[in-house]
Every structure is written in C-alpha cells, then in structure tokens.
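Below is one structure, written out as structure tokens; comments come after it.
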Amino acid sequence: MLFHVKMTVNLPLDMHPERAASLKAEEKALAQRLQEEGKWRHLWRIAGHYANYSVFDVDSVQDLHDLLMQLPLFPYMAIEVNALCRHPSSIHADDR
Ligand SMILES: O=C(O)CC1=CCC(=O)O1
C-alpha cells in the first residue's frame with residue numbers, strides 16, 4: 001500500500017543544539033535504512049520549508065502508523081497522510 005505523507009518539523013526553539021543534532025542524525029539513519037528496505041520510496045524536501053513529502057510502501061495502515069511513530073523526530077512533527085491508489089493512466093507497472 002502506498003501513502004503520501006507530509007511531515008513538517010517543529011523543533012522547540014529552546015531545544016539544546018546537541019539534542020537537535022542527535023535526533024536529526026538518528027532520523028537520517030533510520031530514514032536511509034527504510035529507503036534501502038524499499039519502505040520509504042521517496043523523500044523530498046519541500047523548498048523553503050523544514051518539511052518533506054514522502055511516499056511510503058507498507059503492508060497496512062497499522063504498519064505505516066508504527067513506522068511513523070518510531071521516527072526519532074515524531075514528537076516534533078506535524079504529519080498528514082493520504083492513501084494512494086493506482087491511476088488508470090499511469091505507465092508505471094509497479095504503482096499499486
Ligand atoms: O528533515 C526532515 O524533513 C525530517 C526528516 C525525515 C527523514 C529525515 O532524515 O529527516
């Protein structure tokens with residue numbers, strides 16, 4: 001199942017810079033592992049925002065929820081989810 005997800009990061013202004021750097025490093029490591037595993041298909045920065053558009057390929061809504069909740073930055077993100085299905089005009093056979 002494919003999901004389009006928007007994540008907007010809102011780190012507290014008074015968060016210690018070392019804590020912020022550590023969270024970002026943990027987030028990056030997990031995001032890159034999930035990309036290698038094929039679960040995090042796309043990751044795009046939204047120009048001009050501390051936010052991203054992502055596409056996840058997971059087995060269920062519960063899997064998406066569990067994945068998002070384990071992100072180190074989860075407590076500091078506003079997350080919007082939209083389920084995707086195949087467009088009849090798509091030429092990409094792996095879209096599903
Ligand atoms: O910077 C972001 O948009 C939040 C984030 C998601 C994966 C990652 O490495 O950072």
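Each ligand, and each atom within it, is numbered from 1 in the order the structure gives.
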Next on the checklist: For Trp44, which part has a heavy atom under 4.0 Å from ligand 1: side chain, backbone, both, or neither?
Outcome noted: neither

Checklist outcome for this item: So the atoms of ligand 1 within less than 4.0 Å of a heavy atom of Val9 turn out to be 2 (C), 4 (C)

Next on the checklist: So for atom NE2, which belongs to His4, do other residues, nucleotides or ligands contribute more than 12 heavy atoms lying within a distance under 6.0 Å?
Outcome noted: yes

Next on the checklist: Suppose I only count heavy atoms of Trp40 and a 4.0 Å limit; which atoms of ligand 1 are within that range?
Outcome noted: 6 (C), 7 (C)

Item to check | Heteroatom proximity flag, Tyr50 to ligand 1, N/O under 3.5 Å | outcome: no

Checklist entry - Nearest to atom 9 (O) of ligand 1, what protein heavy atom do you find, and at what distance? => result Lys28 CA, 3.5 Å

Checklist outcome for this item: To the nearest 0.5 Å, atom OG of Ser54 lies from atom CH2 of Trp44 at 11.0 Å

Checklist entry - Can you tell me if CD on Gln70 sees more than 12 non-hydrogen neighbours from other groups inside 6.0 Å? => result yes

Checklist entry - Nearest protein heavy atom to atom 6 (C) of ligand 1, by residue and atom, and its distance? => result Glu27 OE2, 3.5 Å

Next on the checklist: Between Arg41 and Asp57, does any side-chain N to carboxylate O distance fall below 4.0 Å?
Outcome noted: yes

Checklist entry - Which residue supplies the protein heavy atom nearest to atom 1 (O) of ligand 1, what is that atom called, and how far is it? => result Arg45 NH2, 2.8 Å

Checklist entry - Which atoms from ligand 1 have a heavy atom of Ala31 less than 4.0 Å away? => result 7 (C), 9 (O)

Checklist entry - Okay, side chain of Arg86, backbone of His92: is any donor-acceptor separation there less than 3.5 Å? => result yes

Next on the checklist: Considering non-hydrogen atoms of the protein only, which is the closest contact for atom 4 (C) of ligand 1, and what is the distance?
Outcome noted: Asn52 ND2, 3.6 Å

Item to check | Asn10: partners by side chain to side chain donor-acceptor pair (under 3.5 Å), with sequence neighbours left out | outcome: none

Checklist entry - Should Trp40 and Ile46 be regarded as members of a common hydrophobic cluster, given that ILVMFWY residues are connected when their side-chain heavy atoms come within less than 4.5 Å of each other, either directly or indirectly? => result no

Next on the checklist: I need the contact type for Leu71 against ligand 1. Using non-hydrogen atoms and a strict under-4.0 Å cut-off, is it side chain, backbone, both or neither?
Outcome noted: neither

Next on the checklist: When you compare ligand 1 with Lys24, is there at least one nitrogen or oxygen pair between them that comes in under 3.5 angstrom?
Outcome noted: no

Checklist entry - Taking the six-membered ring where the residue is Trp, are the ring centres of Tyr53 and His42 under 6.0 Å apart? => result no

